[in-house]
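Heads up, the thing below is written out as structure tokens.
In what follows, every chain begins at residue 1, and chains take the letters A, B, ... in the order their sequences are listed. Predicted model, so just to flag it, every value in this text is computed and none were measured.
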Protein chains: 2
Amino acid sequence: MALGIRERTLDSSRAAILEAAARCFHERGYAATSIDDVARALQSTKGRIYHHFESKADLFAEVFRVGMDMNYAALEPLRSLKGEAHQLWRRFAWVHVDQMITTRAFQRVVWMGVEMHLVGAPTPHQRALFEELFETRSRYGDIFRKLIAEGRESGHFHFPNLSVANQLMFMTLNSPIFWYSPRTGETRADIEDLIAQVVTCAWRGLGGTEGTGK
Amino acid sequence: MALGIRERTLDSSRAAILEAAARCFHERGYAATSIDDVARALQSTKGRIYHHFESKADLFAEVFRVGMDMNYAALEPLRSLKGEAHQLWRRFAWVHVDQMITTRAFQRVVWMGVEMHLVGAPTPHQRALFEELFETRSRYGDIFRKLIAEGRESGHFHFPNLSVANQLMFMTLNSPIFWYSPRTGETRADIEDLIAQVVTCAWRGLGGTEGTGK
DNA sequence: TTGACAACATACCCGGTAGTATGTTCATCA
DNA sequence: TGATGAACATACTACCGGGTATGTTGTCAA
């Protein structure tokens, strides 16, 4: 049975709201963004948003979830790859940085969510929701943590403390969400050049032996 | 003439407010922090804060300024040093990271201020004030930018794009404001160990030749 | 000692915002 | 074709937070 207009528009309407919310949260932060702001960005009104989302915190959580889902989806094709950890790391890191650039509004929300922790989640339901999202985010981080730990054991990475190295690595890989903004006339090649610089910087930071990364 | 109680307490009272404001902004962000929050942190009331500061934005700006002042003050003893750029960079970077850790609440506010740009500064007076602070921050950044540019020319650093390298470097050096939190029983040696890891990571990221940094 | 003023505390105002209650429209289906 | 409900828009409420107006107390100078 073919989908009716309702079924076809529902997801796209939700998606449009999430997109606008991501942009607003990205630009102004969570607290400084009002639901009316998001509605204005949609050329719409509050009613539409509250029809699809229970609360502001819930909307934020959904943006967070979508952002994480996009990350997992982007990494998925690589999960089955076999090979040395440090080489896998480079491919994973590349995809991650690509995500940070191409979906940066959502990724910024993920960042903000991790930063905020449980501040501003009054109801138990919301706390549980966020706990679950943090868990998801944490498992995502573990993918990379595991790779650099293995890379160190195999002698391809060199750093004294795993947790610190992991923090510093993610800082570099995530950094485009703070300083990247699209330039007019920018090509895919320009972006890939940027990605390469970021990945190389993180690679070096991990003490990766020069030249063997690519 | 000896200072009266008023003169002696004025600065310390202002300083206490700035300290509390820095902590609140650090923990909850600018928009989510109310003046009452800061007052509560001081075991005090709004009246005290508005007696010393014109507005919330003004208070924030002052915290920003103090943070930047501390950075400049910390670097000052090194400004007269002569030597090769890449070696100077390491000493400057060390001091910078130390600042990020030991005065992280203020430094986080500086970060937030740069992030917010001019959003939420409605009056021309506030805009001008923030413009000046950004200018100060920008000049501070130029100190490092100049060093890594010279270090590249002398063949000690290797990176394709100066602006990108500068961004990535600062991301690493600033990162403790996001992930560092003091541990119980932590010694100065522990902190210096941390600083060393951060500086080394940034050094490597810049393509610094291994071993010559220390 | 007393007037003046700094350094607050208290009480209040008002605009903005999260959330709700109530229309309104239009597709779908019996 | 009329009833139903999804997908909104509109109108409203309650509250919070920035800012102000007005006490209150202690200090200092004359």
Side-chain angles (χ1 to χ4, degrees), chain A residues 1-21 24-25 27-63 116 119-123 125-126 129-130, chain B residues 1-21 24-25 27-63 116 119-123 125-126 129-130:
Chain A
M1 163 185 168
L3 292 172
I5 277 191
R6 284 185 193 163
E7 285 77 7
R8 270 178 282 124
T9 53
L10 172 63
D11 281 355
S12 77
S13 182
R14 257 185 79 98
I17 294 172
L18 289 169
E19 188 92 29
C24 290
F25 289 143
E27 289 169 9
R28 288 166 256 196
Y30 177 73
T33 298
S34 72
I35 297 291
D36 286 311
D37 284 336
V38 180
R40 252 191 303 277
L42 285 165
Q43 314 235 68
S44 177
T45 65
K46 278 209 278 213
R48 180 170 169 195
I49 296 171
Y50 278 103
H51 179 72
H52 290 279
F53 302 92
E54 284 185 18
S55 67
K56 184 183 174 183
D58 186 61
L59 174 60
F60 182 84
E62 283 308 303
V63 176
M116 297 194 324
V119 181
T123 75
H125 164 261
Q126 285 175 358
L129 176 60
F130 273 83
Chain B
M1 163 186 170
L3 292 173
I5 278 192
R6 284 185 193 165
E7 286 76 7
R8 270 177 285 123
T9 52
L10 172 63
D11 281 356
S12 77
S13 182
R14 257 185 77 99
I17 295 172
L18 288 169
E19 189 91 30
C24 290
F25 289 143
E27 289 169 9
R28 288 167 253 195
Y30 176 73
T33 299
S34 72
I35 298 292
D36 286 311
D37 286 335
V38 179
R40 250 190 305 276
L42 285 165
Q43 314 234 67
S44 176
T45 65
K46 277 207 280 208
R48 180 170 170 196
I49 296 172
Y50 277 104
H51 179 71
H52 290 280
F53 301 92
E54 285 185 17
S55 68
K56 184 183 176 184
D58 187 62
L59 174 61
F60 182 85
E62 284 307 304
V63 176
M116 297 192 327
V119 181
T123 75
H125 164 261
Q126 285 175 356
L129 175 61
F130 272 83

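- A search for side chain to side chain contact (heavy atoms under 4.5 Å, CB included) contacts involving H125(B) returns E54(B), T123(B), not counting sequence neighbours.
- For F60(A) and dA18(C), the CZ to P distance is 14 Å, given to the nearest whole Å.
- Listed by chain and residue number, R14(A), I17(A), L18(A), I49(A), D58(A), L59(A), E62(A) satisfy the side chain to side chain contact (heavy atoms under 4.5 Å, CB included) test with F53(A) (two or more places apart in sequence, or in another chain).
- To the nearest angstrom, C1' of dA18(C) lies 14 Å from CG of D58(A).
- Separating the CG atom of L59(A) from the P atom of dT17(C) is a distance of 16 Å, rounded to the nearest angstrom.
- Checking the phosphate oxygens (OP1, OP2) of dC8(D), no side-chain nitrogen or oxygen of H51(A) falls inside 4.0 Å.
- Note: F60(B) and F25(B) have perpendicular aromatic rings, judged against thresholds of 30 and 60 degrees for the angle between ring planes.
- For dG19(C), the base has no donor-acceptor partner in the side chain of K56(A) [N/O atoms by modelled type, under 3.5 angstrom].
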**Study point:** Steps toward side-chain contact (heavy atoms from CB on, under 4.5 Å) verdict (C24(A), R40(A))
**Key:** CA-CA 10 Å; C24(A) 290; R40(A) 252 191 303 277; over 6 Å; no
Tabulate protein N/O versus nucleotide N/O from nucleotides 13-15 of chain D, keeping only pairs under 3.5 Å, one per line.
none

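- In this entry the distance linking OH of Y50(B) with P of dC12(C) reads 19 Å, nearest Å.
- You won't find any donor-acceptor pair under 3.5 Å spanning the side chain of K46(A) and the base of dA9(D), going by distance alone.
- The side-chain hydrogen bond (donor to acceptor under 3.5 Å, both in side chains) check on S34(B) picks up D37(B), with sequence neighbours excluded.
- Take T33(A) and apply the side-chain hydrogen bond (donor to acceptor under 3.5 Å, both in side chains) test, not counting sequence neighbours, and it matches no residue.
- What separates CZ of R14(B) from C1' of dC8(C) is a distance of 15 Å, to the nearest Å.
- Legend: residues meeting side chain to side chain contact (heavy atoms under 4.5 Å, CB included) with S44(B), ordered by chain and number and at least two apart, are L42(B), R48(B).
- Nucleotide dT17(C) holds its C1' atom 14 Å from the CZ atom of R28(A), rounded to whole Å.
- Residues of residues 34-44 of chain B having a heavy atom closer than 4.0 Å to DNA chain D, listed by number: S34(B), I35(B).
- Two residues, I49(B) and S55(A), neighbour DNA chain C, and the one matched to the more 5' nucleotide by heavy-atom proximity is I49(B).
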Exercise for review: Map every base of DNA chain D to its dot-bracket character, where paired means a Watson-Crick or G-U wobble contact with both distances under 3.5 Å and | marks a partner outside the strand.
Suggested key: ||||||||||||||||||||||||||||||
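- The two residues A31(B) and A31(A) come nearest to each other via the heavy atoms CB-CB, 3.7 Å.
- H51(A) contributes atom NE2, which lies 8.5 Å from atom OG of S13(A) (distance to the nearest 0.5 angstrom).
- Per the geometry, CZ belonging to F53(B) stands 16 Å off P belonging to dT20(D), to the nearest Å.
- Between the side chain of K56(A) and the main chain of Y30(A), a donor-acceptor pair closer than 3.5 Å is present.
- Closest approach of A61(A) to L129(A), counting heavy atoms only: CB-CD2, 3.5 Å.
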